Amino acid sequence: SFKHARFLLRGPHTWVHQFPIAQSSRQSPVDLRSSETHFDAKLQPLNYDDKATSSRMLNNNGLSFKLSFDDSSDPCVLNGGPLDGDFRLNQLHMHWGCDKLPGSEHIVDGNAYAAELHMVHWNSSKYSSMQQAVTQPDGLAVIGVFIQVGKEHEHKELKKITDLLPKITNEGSKIELSGLNPLLLLPSSTAYWTYLGSLTTPPLHESVTWIVMKEPLSISKQQGRRCC
Ligand SMILES: NS(=O)(=O)c1cccc(F)c1
Ligand SMILES: [Zn+2]
């Protein structure tokens, strides 16, 4: 939201003054060290029950974009994986760097990616809105998908988003985007890491079950240039 945008400009090291939770126990992002992960046979495959058709793309803070979904009617529902119950897709957004600077929030064995897509869902089995769920320890599930700049391979569904970026360069500008299928934004491999964490930006609520896909998506070099 706008009121938190100014913290993004100051950087994470300043957040602890306003948000002491930044020093707490389940803060995200983390460095995912494969040697410290373990296979959990109880984990189910991720499942999307339905595919959202309508969404609104917004340049939410001049630094990034947010694609908001209508999670009241025709919800896009995620379940399975580490989740108990249904989680409705509320918004998706991306964190990116610029040119050679990586922008992913999670890193894997110390390596960062060019960008990271976040698909934010709230627990509609237990709560009645995103606003109510966002402060609860089992309130949110965020799927993180790493993005690397590939050679030719342009990810079709992601292209629907990056092609629109030049149209929302100003803060607060909005554009409709219908027919996006979040399922197609997931990589072909369903392998994922999962851990209990938090929002990665203020207000840093410790309400997120993170599901980080192991396989990155690729975007072409010129698509990546639109993200600067
Ligand atoms: N970057 S993130 O942890 O997905 C996030 C930050 C703030 C609000 C939100 F709904 C999701
Ligand atoms: Zn995010």
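What you see is a predicted model; the values in this text were computed from it and never measured. When a ligand or atom number is given, it counts from 1 through the structure's own listing order.
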Any N/O of Thr200 closer than 3.5 Å to an N/O of ligand 1?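 Yes, there is a polar N/O contact under 3.5 Å.
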
Between His93 and ligand 1, is there a nitrogen or oxygen pair with a distance under 3.5 Å?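 Yes; at least one N/O pair falls below 3.5 Å.
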
Shortest-distance N, O or S atom of His118 relative to the Zn ion (ligand 2): ND1

In the structure I gave you, are the side-chain heavy atoms of Asn181 and Glu157 within less than 4.5 Å of one another anywhere? yes

Trp210 vs Ser198 side-chain heavy atoms within contact, under 4.5 Å: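 No, side chains not in contact.
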
Less than 4.0 angstrom from a charged side-chain N to a carboxylate O is my criterion; do Asp86 and Arg88 meet it?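 No, Asp86 and Arg88 are not salt-bridged.
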
In the single-linkage hydrophobic clustering (I, L, V, M, F, W, Y; side-chain heavy atoms under 4.5 Å), do Val120 and Leu180 co-cluster?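 Result: no, two separate clusters.
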
Report the part of Trp122 in contact with ligand 1, treating N, CA, C, O as backbone and CB onward as side chain, heavy atoms under 4.0 Å; options are side chain, backbone, both, neither.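 No part of Trp122 comes within reach of ligand 1.
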
Looking at Leu186, Val212, Leu43, which hits side-chain contact (heavy atoms from CB on, under 4.5 Å) with Tyr192? Leu43

Would you mind checking which non-hydrogen protein atom is closest to [atom], with the distance to 0.1 Å?
| atom | value |
| --- | --- |
| atom 6 (C) of ligand 1 | Thr201 OG1, 3.2 Å |
| atom 10 (F) of ligand 1 | Gln91 NE2, 3.3 Å |
| atom 11 (C) of ligand 1 | Leu199 CD2, 3.7 Å |

His106 and Tyr195: aromatic ring centres closer than 6.0 Å? yes

